[in-house]
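Structure, as structure tokens:
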Amino acid sequence: MSIFTLLVLDWRFRCTDLRSSVHTTALLIITVLLVVSFSGVHVASGYAESYSLITGPYIDEVIFKVIVAPDQTVLALQTGEIEMDTGFIHPNYLPQLDTDPNIDIYRAIRNGYGHITINCRKYPLNISGLRRAFAFAFNKTRVTSEMFDGFSIEHDSLVPQPYSWCAEDQFDYHYYSAQPDIGNQILDDLGFAIDGATGYRNAPDGTPFEIVIEHGSPGPYGISTPDIAVEALHSLHIDAHRQPADFNEYISRLDSHGDYDMVFYAFNFYSNDIDWLAYEYWSEYADTLYQNPTNFRNATYDSYRDALLSGTTYEEVYEAGAEMQKILHYNVPRLVVYENIYLQAYRNDQFTGHVEDLGNHISGPWTMRNIHNLDGTFGGTVTVSLGQEPDSFNIYVTNSAYAAAINSELWSSLYKYNPDLEPWPDLAESMLTETHSDNPSIPEGHTRFTIDIIRNATWSDGEPVTAEDVAFTYVYQYESAAYGNPAGTDLGDLVAVYAPNHYRVVFEFSTESYWHFSTFAYDYIIPYHIFNNSGGIGYEGWNTWNPEFDPAEPNVNCGPFIVTDIEAGEYYKIERNPLFHHAADPSLPIEATSTATTSLTNQSTIPEMNGLLVFSISVISGSTIVIIYCVVIIMKERRSLNDIQE
């Protein structure tokens, strides 16, 4: 029997629909008597028999070296200065690399794309017909043939081709080839009249306008995507030019809904989920920090959100997702300009064990976990190039793939995406999923996940990782959301999370949905003793925490590597974490890597838990219980994508 007090200070919640908002503040002090018995409970393990994929690392260190120029990256590969690159190489370099016996090249369709983001809030770009006319005029086939020498595909859907959810084949028309005649007819019908003096179109209200396409440093092409975009706009009699800009600056401007016309950059996706469609283009997020950078608003699109998020079968989710893709295809808040074949070169003369990864390709965390010397011994340094300097190591602030490449080596979560983008246990040891039909103590319509975590996980400062840390991670996201943390939008219909003991955590959702598992499974777990609101980083400090760039700031994590040295803008060194919970034993032989996936479905039962449902959010200091209960509609976005320059 456990007796404890729930202390809820300044409880704010917002219930939102398209018509009204309700804001409430309350001060609650509730004493709860909770009787819990978990003795004798058996929850089946979710692990596969082979541990070879998760065991590691076998190398001493990884050095991420910033090399911006593509030709310098290729030269560094040829000379052995680097082992691999986190980006892709252009087909122009294939002839010189293919003949090098010490270099192998990984080829795969990119799980992402280059795109032009359009400001749907700014007149006259807020007129969907103008955006659609631009899409018809843009020549994607030219990008494929001239920029990528055929190593690319034409693609329209904002869901990448490798996704099983992609509805590309359901579109009635495509924007693959240049069709300016269609675009010009659309603009004529909308009243974009051509000014006889300038030769350019005016907006329907008669005012002249110009479109500026911002972009980062150019690649090794004879012509660039922004060049083709300018040509497309000129073919529509629209005044336009391209403008180089600092990558991190314009990404920050997009995140904060600053001023722009069009911006060219790229996405890589690291999951097979599409619940992000419900947030990335949601009208409610058109003016929310870090959300919906296109500022897109569309009531019909929004009407499919609930079906996408609350669907419980693949078919239900696919139908909603396909309709949302069709609406985006018609309205063009973003224009996909290429989905290239990812070509990654890596050296083969010192290391083996590289893992082909659908999300991270050949240079991702699974390779760093499994790579080892050719002779099977431990040790060695792997040097990897980054195409840009990381903007921040704050996991709540950065949206850069270059920072993500390093952060993914430092942080652990309950589950990871394996190389096939299926869930693979990390801190989790077993999981039980239940609804009311499985366990009558669970309210009708709710879903409960009970997860046992491993017992040997340790923070890099020597403190044990416990279920309290896991539960606190989501409390931190919720509480810091009041101060702008976008991670708080990632909680969906989560109504409870608590730790009944040091190694068990329970998540409960107020609905049944296809997506509940991914709401919590892949989030980085943070240490309570570092982030707590009483002497730690605190909820307000979520965005001022600046690890590594400020040596005084803590960076305590429990992943396979820890940061040991940086020279900002030049290199970032991480070393093998001796406390890592899946660390390889140097006395044992290195096994071949397996990419088999695990089953997460368990058919076991747990005793009834009698709790008190309270409308609150609480953190119990000095107790092993952390509990959330709230009547809140919390917006969420799956941060499964990262921004990269090209």
Side-chain angles (χ1 to χ4, degrees), residues 50-67 72-89 93-94 96-108 342-387 402 404-410 416 418-420 424 559-565 571-578 580 582-595:
S50 172
Y51 285 74
S52 58
L53 181 65
I54 60 174
T55 303
Y58 303 99
I59 54 176
D60 292 325
E61 60 186 17
V62 181
I63 298 176
F64 291 91
K65 186 173 183 179
V66 178
I67 305 177
Q72 293 300 312
T73 301
V74 171
L75 180 61
L77 271 168
Q78 291 178 301
T79 61
E81 180 183 349
I82 61 174
E83 293 293 325
M84 64 188 79
D85 178 34
T86 56
F88 68 93
I89 62 169
Y93 298 112
L94 276 179
Q96 65 193 89
L97 294 175
D98 265 338
T99 58
D100 191 328
N102 295 320
I103 293 177
D104 286 334
I105 297 175
Y106 167 74
R107 295 167 169 85
Y342 227 74
L343 303 172
Q344 279 195 312
Y346 60 98
R347 296 191 66 84
N348 58 25
D349 55 340
Q350 184 177 353
F351 298 101
T352 187
H354 303 79
V355 178
E356 297 180 355
D357 184 339
L358 182 59
N360 294 279
H361 307 287
I362 208 68
S363 60
W366 292 116
T367 284
M368 300 310 159
R369 185 85 62 92
N370 287 273
I371 196 171
H372 53 272
N373 291 311
L374 288 170
D375 61 6
T377 59
F378 272 67
T381 298
V382 173
T383 304
V384 183
S385 63
L386 295 174
Y402 308 105
I406 301 176
N407 276 332
S408 65
E409 308 292 351
L410 310 178
K416 297 290 188 184
N418 76 357
D420 296 321
W424 192 280
F561 292 91
I562 55 176
V563 177
T564 57
D565 187 24
Y571 68 85
Y572 306 84
K573 183 167 78 169
I574 60 176
E575 295 183 3
R576 184 173 62 209
N577 180 6
F580 181 50
H582 296 304
D585 185 346
S587 66
L588 298 177
I590 298 175
E591 299 180 10
T593 300
S594 168
T595 56

### Message
Holding to side chain to side chain donor-acceptor pair (under 3.5 Å), I want the full list of residues that pass it with Asp565, two or more places apart in sequence or in another chain.
### Response
Tyr571
### Message
Just to verify, what does Ser363 make a side-chain contact (heavy atoms from CB on, under 4.5 Å) with, not counting sequence neighbours?
### Response
Met84, Thr86, Gln344
## Note on the structure
Sequence neighbours excluded, the answer for ring-ring contact (aromatic ring centres under 6.0 Å, His included) partners of Phe561 is none
### Message
Please give me the minimum heavy-atom distance between Ile54 and Arg369, naming the atom from each residue.
### Response
O-NH1, 2.5 Å
### Task
Not counting sequence neighbours, which residues clear side-chain contact (heavy atoms from CB on, under 4.5 Å) with Leu374? List them please.
Thr352
### Task
Starting at OH of Tyr346, measure out to CD1 of Ile362 and round the result to the nearest 0.5 Å.
4.5 Å
### Task
For residues Gly353 and Asn370, report the shortest heavy-atom separation together with the two atoms involved.
O-CB, 3.6 Å
#### Entry: By side chain to side chain donor-acceptor pair (under 3.5 Å) - contacts of Asp104 (at least two apart)
Asn348
### Tyr58 OH to Ile371 CD1 distance, which is reported to the nearest 0.5 Å
12.5 Å
### Query
Among all residues two or more places apart in sequence or in another chain, which pass the side-chain contact (heavy atoms from CB on, under 4.5 Å) test with Asp60?
Arg576
### Query
Rounded to the nearest 0.5 Å, how far does CD1 of Ile82 lie from CD1 of Ile67?
4.5 Å
### Query
So, the side chain of Asp85 versus the backbone of Ala345: is there a donor-acceptor pair under 3.5 Å, distance only?
no
## Note on the structure
Interatomic distance, CG@Asn102 vs CD@Gln350, rounded to 0.5 Å, equals 11.0 Å
#### Entry: Test side chain to side chain contact (heavy atoms under 4.5 Å, CB included) applied to Leu410 and Val563, step by step
CA-CA 8 Å; Leu410 310 178; Val563 177; 3.6 Å; yes
### Message
Which residues pass the ring-ring contact (aromatic ring centres under 6.0 Å, His included) test with Phe580, not counting sequence neighbours?
### Response
His582
### Task
Answer whether the closest heavy-atom distance between the side chains of Phe351 and Ile59 falls below 4.5 Å.
yes
### Query
Yes or no on side chain to side chain contact (heavy atoms under 4.5 Å, CB included) for Thr55 and Asp585, after CA distance, side-chain angles and deciding distance?
CA-CA 9 Å; Thr55 303; Asp585 185 346; over 6 Å; no
### Message
So, taking the atom named CG in Asn577 and the one named CD in Glu409, what distance separates them when rounded to the nearest 0.5 Å?
### Response
12.0 Å
### Query
Can you name the closest pair of heavy atoms from Gly359 and Asp357 and give their distance?
N-OD1, 2.9 Å
### Task
With sequence neighbours left out, write down each residue that passes side chain to side chain donor-acceptor pair (under 3.5 Å) with Gln72, or none if nothing qualifies.
none
### Query
In Å, rounded to the nearest 0.5 Å, how long is the span from CG of Leu97 to CG of Leu343?
10.0 Å
### Task
Describe, in one word, how the ring planes of His361 and Tyr106 are oriented to each other, choosing from parallel (under 30°), tilted (30 to 60°) and perpendicular (over 60°).
tilted
### Task
For Thr99, check side-chain contact (heavy atoms from CB on, under 4.5 Å) against everything at least two apart and list the hits.
none
Kindly list each side-chain donor-acceptor pair under 3.5 angstrom involving residues 375-384, sequence neighbours excluded, with atom names and distances?
| residue | atom | partner | partner atom | Å |
| --- | --- | --- | --- | --- |
| Asp375 | OD1 | Thr377 | N | 3.0 |
| Asp375 | OD1 | Thr377 | OG1 | 2.6 |
| Thr377 | OG1 | Asn373 | ND2 | 3.3 |
| Thr381 | OG1 | Glu61 | OE2 | 2.7 |

### Message
Going by the rule ring-ring contact (aromatic ring centres under 6.0 Å, His included), which residues pair with Tyr572 if we only count those two or more places apart in sequence or in a different chain?
### Response
Phe393
### Query
Quick one: which of Val66, Leu77, Val74, Thr73 gives a side-chain contact (heavy atoms from CB on, under 4.5 Å) with Ser385?
Thr73
### Task
Could you tell me which residues satisfy salt bridge (Lys or Arg N to Asp or Glu O under 4.0 Å) with Asp98, sequence neighbours excluded, listed by chain and number?
Arg107
### Message
If I compare all heavy atoms of Ile574 with all of Phe64, which pair ends up nearest, and what's the gap?
### Response
CD1-CE1, 3.6 Å
